[in-house]
Visitor: 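Got a structure for you, written out below as structure tokens; questions coming shortly.
Note on naming: letters A, B, ... go to the chains in the order of the sequence lines (proteins, then strands), and numbering restarts at 1 for each one. All values below were derived from every heavy atom in this structure, side-chain atoms included, with hydrogens, water molecules and symmetry-related copies excluded.
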Amino acid sequence: MTAADQWFADVLPMPAKIRNLPELADLIPDGALLAVPPEYSFVPMALVHQLIRRRARRLRLLCVPLGGLAVDLLIGAGCVAEIEAAAVSLGENGPAPQFTRAALTGRVKIVDSTCPAIHTALQASEKGVPFMPLGGIIGSDIEAHRSDWRIVDDPLQQGNGPIILIPAIQPEFAIFHSPLADKNGNVWVGRRRELVTMAHAAKRTLVTAERICDEDLLDNEQTAAGTLPALYVSGLAEVKNGAKPLGLTGCYERDSAAITVYAHQASTDAGFADYLAPILAASPPASP
Amino acid sequence: MTAADQWFADVLPMPAKIRNLPELADLIPDGALLAVPPEYSFVPMALVHQLIRRRARRLRLLCVPLGGLAVDLLIGAGCVAEIEAAAVSLGENGPAPQFTRAALTGRVKIVDSTCPAIHTALQASEKGVPFMPLGGIIGSDIEAHRSDWRIVDDPLQQGNGPIILIPAIQPEFAIFHSPLADKNGNVWVGRRRELVTMAHAAKRTLVTAERICDEDLLDNEQTAAGTLPALYVSGLAEVKNGAKPLGLTGCYERDSAAITVYAHQASTDAGFADYLAPILAASPPASP
Amino acid sequence: MTYKPQEFLISVLTNLLNQPHIGHVAVGAASPIPGAAALLAQKRGGDRLAVTIIHGNAHNAFTDGGRELFDCAGQGRIDAFFLGGVQIDGQANINLLGTGNYPSLERRFAGSFGSAYMYFVVPNVILFRPEHSRRVFVEKVDFISAPGLSGPDVQRRGGPKALVTELCLMSFDAVVGKFRLESVHPGHSVEEVLDNTGFAFDVPEQVPQTAAPSEALLRDLRSLIGPEIAKTYPEFAAQVFAISAPAKGPEII
Amino acid sequence: MTYKPQEFLISVLTNLLNQPHIGHVAVGAASPIPGAAALLAQKRGGDRLAVTIIHGNAHNAFTDGGRELFDCAGQGRIDAFFLGGVQIDGQANINLLGTGNYPSLERRFAGSFGSAYMYFVVPNVILFRPEHSRRVFVEKVDFISAPGLSGPDVQRRGGPKALVTELCLMSFDAVVGKFRLESVHPGHSVEEVLDNTGFAFDVPEQVPQTAAPSEALLRDLRSLIGPEIAKTYPEFAAQVFAISAPAKGPEII
């Protein structure tokens with residue numbers, strides 16, 4: 001798809017980009033490569049639930065760089081064919097049960113990476129270059145199993161020895177949930193700038209937000225500094241509590257008790273099915 | 001210098017990092033490689049004046065990526081041995097007279113570059129890698145005269161053809177003038193994020209600020225998003241009107257009339273000397 | 001309806017931008033005529049066209065620093081961009097740096113800016129250089145800031161598509177590596193273009209006259225775009241549209 | 001003065017951090033004991049030591065997203081970092097990913113995180129793994145998340161300097177590629193360490209006992225660091241220092 005095609009399909013007048021949650025989830029086709037933020041960074045849980053409800057299949061997940069509850073749920077619900085991550089866990093609530101099981105059974109293809117390699121791969125896409133170099137890693141078994149990574153001898157020939165080149169990764173979609181967006185499609189990300197890199201690297205970015213305000217976030221130097229411009233946002237939906245049970249900076253804390261319950265239930269197939277049932281049965285949150 | 005040495009020398013308790021303008025300028029030795037922001041981005045004019053007063057010599061300037069009034073003044077005042085830039089001009093006020101003359105006489109070594117190559121070279125230092133690839137540029141006479149850049153055949157061997165590798169540039173100092181810093185050494189940069197890259201890439205960063213406030217800029221998610229943490233700031237001085245006659249977002253506009261006067265005066269040696277005289281004679285602005 | 005030369009050029013550029021394959025145009029620093037054309041094309045295209053004017057904050061959504069323009073173009077998100085040149089040659093090589101035998105220059109200009117990159121990655125580069133003279137349009141530029149053409153082994157999706165001067169509109173065919181005269185502006189002739197161009201270019205048998213701006217276009221330009229471009233280029237807006245600057249930058253923290 | 005096992009380990013780590021060549025220590029996610037040690041070392045060193053705790057915002061000045069930790073380390077601005085391992089072997093290779101024959105694993109853990117990079121660029125990596133058993137300390141790890149040693153051709157300024165467990169403190173000598181027992185914690189013996197370690201390591205003739213935390217250190221830890229670490233690890237602070245969580249995150253726009 002050319003730049004022009006993409007813009008044609010995508011850069012509609014801004015108000016048309018504001019959608020409801022099911023419309024947003026429907027934009028993501030089965031098989032899509034999806035960049036997902038880490039547990040500490042604006043995880044779009046409501047959108048993940050909606051993807052499960054619409055029975056998304058064969059998704060390929062890129063964790064930026066770590067996976068957590070969202071990824072574990074999608075795996076358990078059968079939405080995932082492949083996952084690349086530096087690690088997947090429920091953080092302080094322990095291992096990610098469905099991920100762990102999938103890894104041991106081979107039901108999901110797992111591409112193991114390391115945090116800076118994932119950041120670097122996205123930065124390469126952000127800059128439109130086919131690869132970027134990264135220090136370290138040589139001699140790790142991660143590298144030994146990554147046939148897509150390439151060790152080359154110092155291309156500057158300055159005696160710096162071998163270095164790894166990480167190929168660019170261009171996700172088809174980046175998704176996240178923000179505390180605040182505006183009606184023009186600009187989205188607050190604050191200091192969570194991995195979301196900026198994700199959006200720059202991805203072909204399309206879909207965002208849910210606690211609130212969509214009338215004031216343009218770019219009209220004020222202070223909010224502009226922490227804002228991803230609408231230029232990179234293909235779809236936006238207002239969803240209250242869209243990160244729960246995970247936390248959202250300044251809005252609500254992580255519900256550790258709820259995640260402990262999940263960790264327990266998800267450790268068996270029956271328990272996981274019980275956890276999933278109300279998500280599948282729920283109506284998507286109505287748009288305001 | 002090892003990381004430990006640098007920290008030892010540099011990470012003093014924060015209040016000790018707040019200095020006055022002459023102390024700040026004295027930290028920059030003759031011969032230093034200095035990253036200077038572009039005309040639109042927080043140019044530290046008062047610090048430049050102070051460098052001229054202290055008769056700094058043999059400075060090497062890296063314009064990020066464009067040079068303007070600050071660079072022209074430093075060249076005219078005899079402070080500069082070498083300059084790397086994608087372009088140098090006074091913007092809407094026309095050519096940079098002292099730069100132009102120095103370029104034609106060969107008095108200053110000029111290393112011609114192109115904007116994204118300078119950003120890329122700093123990003124390489126920011127990531128601690130020896131180089132980064134960059135698209136385009138092949139076949140430009142810029143590239144033909146850059147023996148430090150290297151064209152290699154697609155190292156991934158995916159048929160992408162030749163690509164340029166830009167070696168990392170690590171400035172010894174990054175300097176800029178911010179509208180606001182805090183007493184802990186954190187500095188507001190807003191959407192001027194080239195300053196973040198400059199500071200990450202440079203060994204040391206010296207900042208002047210219109211105002212140093214008591215509230216910690218990191219204590220608030222909104223201001224934190226546009227703040228360079230003190231971690232990267234080696235020296236900080238409060239200097240009112242520190243960017244004048246250039247503009248400073250939200251504080252004052254560019255004084256175009258004053259720069260027109262400069263452009264006129266600087267077009268002759270005698271006129272430049274007249275312009276310089278009051279700067280040389282002035283006492284540095286007193287710290288509050 | 002009479003119009004100023006700047007308004008005519010804005011009209012020519014606007015028509016070049018109002019094409020279905022252009023979804024996002026970026027305009028570099030110190031480019032009031034291209035900037036006004038971009039805003040006018042946006043307005044007349046029902047806001048389908050996204051416009052980024054790098055100069056100032058008024059029509060500039062970038063929040064990731066100076067590299068974002070180049071990154072954005074590298075991502076394929078910018079479809080059109082303007083470049084100029086102190087010299088432009090028949091292979092569409094542009095020189096923004098100086099004349100003479102580099103590095104021993106006779107005249108030195110600011111430098112190449114981002115041209116060496118943008119020319120490769122933006123699919124529709126419009127060369128805009130009002131002065132149409134043999135001083136500018138030369139057989140071969142003294143310094144290639146950015147080459148008009150690249151060999152088949154070089155990754156390149158971008159390049160020159162059109163050239164707009166005070167005399168005419170040309171297109172550029174990258175396959176044959178040559179400019180082609182598309183139209184001559186009212187009041188000028190093919191001969192005048194030939195006389196003032198130092199490189200060879202194709203001249204079709206019939207060369208149409210460049211369309212003059214319509215009344216509707218001029219009305220939109222003066223009433224809607226004038227005040228907008230004044231936020232970025234107050235002096236230009238005062239001079240061309242007799243509009244005094246309204247806008248102040250947003251307040252900082 | 002009595003102390004809890006966690007307080008003892010904090011004390012050991014604090015002493016490792018309070019060294020002139022360590023100016024900035026970073027602590028990864030889910031590391032309350034290293035986090036408390038870093039803050040205590042900072043306090044007892046007269047605030048000379050810079051501390052970054054990645055988990056949450058309380059002691060985390062980073063504002064450039066998830067990559068800043070790695071970029072900062074790549075710049076040489078981080079002098080010390082902590083790593084662990086489900087397995088650690090005698091060459092200081094660490095395994096954070098799983099046991100078995102990768103990719104056909106017997107047990108799967110979260111993954112390697114940033115270890116494969118940080119181990120190369122941070123000069124003083126402290127391996128911290130309380131459980132001291134032959135299950136953890138093996139002859140050869142099943143999967144090398146990050147290698148302890150690299151060949152002479154590989155650029156590497158970082159690597160393991162010390163290993164702290166519930167039983168002892170070891171140092172690592174990258175030249176000979178071997179751990180060395182530095183001290184055994186009170187209540188434990190060299191034999192116990194030997195029995196529970198699956199790899200060979202150097203044992204000096206005299207093995208001192210690891211110093212117990214001083215009263216002053218414990219006072220500082222409980223009164224000054226407890227409330228601080230509670231901002232990041234409320235459950236840990238409640239459990240070890242009987243301090244309930246005070247802090248709320250800063251308010252957003």
Visitor: Flag the pair C:Asp64 and B:Arg192 as a salt bridge only when some basic side-chain nitrogen lies within less than 4.0 angstrom of an acidic carboxylate oxygen.
Guide: no

Visitor: Considering all heavy atoms of both residues, which atom of C:Gly114 and which atom of B:Pro116 are nearest to each other, and what is their separation?
Guide: CA-CD, 4.0 Å

Visitor: Has B:Thr100 got a side-chain atom pairing as donor or acceptor with C:Arg108's backbone, closer than 3.5 angstrom?
Guide: no

Visitor: If you compare all heavy atoms of C:Ile144 against all heavy atoms of B:Ser140, which two are closest, and at what distance to 0.1 Å?
Guide: O-OG, 3.3 Å

Visitor: Run B:Leu134 and C:Phe70 through side-chain contact (heavy atoms from CB on, under 4.5 Å) and show every step you take.
Guide: CA-CA 10 Å; B:Leu134 181 62; C:Phe70 307 102; over 6 Å; no

Visitor: Can you spot which of B:Arg193, B:Glu194, B:Gln123 makes a side chain to side chain contact (heavy atoms under 4.5 Å, CB included) with C:Arg67?
Guide: B:Gln123

Visitor: Check whether any side-chain heavy atom of C:Val154 sits under 4.5 Å from a side-chain heavy atom of B:Pro162, and report yes or no.
Guide: yes

Visitor: Under 4.5 Å heavy-atom distance to chain B, tell me which part of C:Glu235 shows up: side chain, backbone, both or neither.
Guide: side chain

Visitor: Which pair of heavy atoms, one from C:Gly66 and one from B:Tyr40, lies closest together, and at what distance?
Guide: CA-OH, 4.1 Å

Visitor: Restricting to non-hydrogen atoms, name the atom on C:Tyr117 and the atom on B:Gly135 that form the minimum distance, rounded to 0.1 Å.
Guide: CD1-O, 3.3 Å

Visitor: Starting from the C-alpha separation in whole Å, work towards a yes-or-no answer on side-chain contact (heavy atoms from CB on, under 4.5 Å) for B:Arg191 and C:Phe62.
Guide: CA-CA 8 Å; B:Arg191 59 175 111 183; C:Phe62 287 163; over 6 Å; no

Visitor: Considering only heavy atoms, which portion of C:Ser115 lies under 4.5 Å from any heavy atom of chain B: side chain, backbone, both, or neither?
Guide: backbone

Visitor: Give, as side chain, backbone, both or neither, the part of B:Ile137 having an atom under 4.5 angstrom from any heavy atom of chain C.
Guide: both

Visitor: Take C:Tyr102 and B:Asp141 through the test side-chain contact (heavy atoms from CB on, under 4.5 Å) and record every step on the way to the result.
Guide: CA-CA 9 Å; C:Tyr102 185 88; B:Asp141 281 339; over 6 Å; no

Visitor: If I measure from the heavy atoms of chain B, does C:Ser145 come under 4.5 Å with its side chain, its backbone, both, or neither?
Guide: backbone

Visitor: C:Leu97 versus chain B, heavy atoms under 4.5 Å apart: side chain, backbone, both or neither?
Guide: side chain

Visitor: Over all heavy atoms of both residues, which pair between B:Leu104 and C:Leu105 is shortest? Give the atoms and the distance, please.
Guide: CD2-O, 3.4 Å

Visitor: Show the nearest heavy-atom pair for residues B:Ser89 and C:Ala110, with the distance to one decimal.
Guide: CB-CB, 3.9 Å

Visitor: Assess whether atom NZ of B:Lys109 is packed by more than 12 heavy atoms of other residues, nucleotides or ligands within 6.0 Å.
Guide: no

Visitor: Is there side-chain contact between B:Asp154 and C:Gln155, with heavy atoms separated by less than 4.5 Å?
Guide: no

Visitor: If you count heavy-atom pairs under 4.5 Å with chain C, which of B:Val189, B:Ile142, B:Leu90 comes out on top?
Guide: B:Ile142

Visitor: Among C:Pro152, C:Pro147, C:Ser104, who wins on heavy-atom pairs under 4.5 Å with chain B?
Guide: C:Pro147

Visitor: About how many Å separate CZ of C:Phe113 and OG1 of B:Thr114, when rounded to the nearest 0.5 Å?
Guide: 10.0 Å

Visitor: What do the steps show when you test C:Tyr233 against B:Glu92 for side-chain contact (heavy atoms from CB on, under 4.5 Å), and what is the final call?
Guide: CA-CA 10 Å; C:Tyr233 297 108; B:Glu92 60 206 65; over 6 Å; no

Visitor: B:Thr120 versus chain C, heavy atoms under 4.5 Å apart: side chain, backbone, both or neither?
Guide: neither

Visitor: Name the region of C:Phe109, side chain, backbone, both or neither, that has any atom closer than 4.5 Å to a heavy atom of chain B.
Guide: backbone

Visitor: Heavy-atom distances under 4.5 Å only: say whether B:Pro95 touches chain C with side chain, backbone, both or neither.
Guide: neither

Visitor: Among C:Ser150, C:Gly151, C:Gly111, C:Gly74, who wins on heavy-atom pairs under 4.5 Å with chain B?
Guide: C:Gly111

Visitor: Counting only heavy atoms closer than 4.5 Å, note whether B:Thr197 contacts chain C via side chain, backbone, both or neither.
Guide: side chain

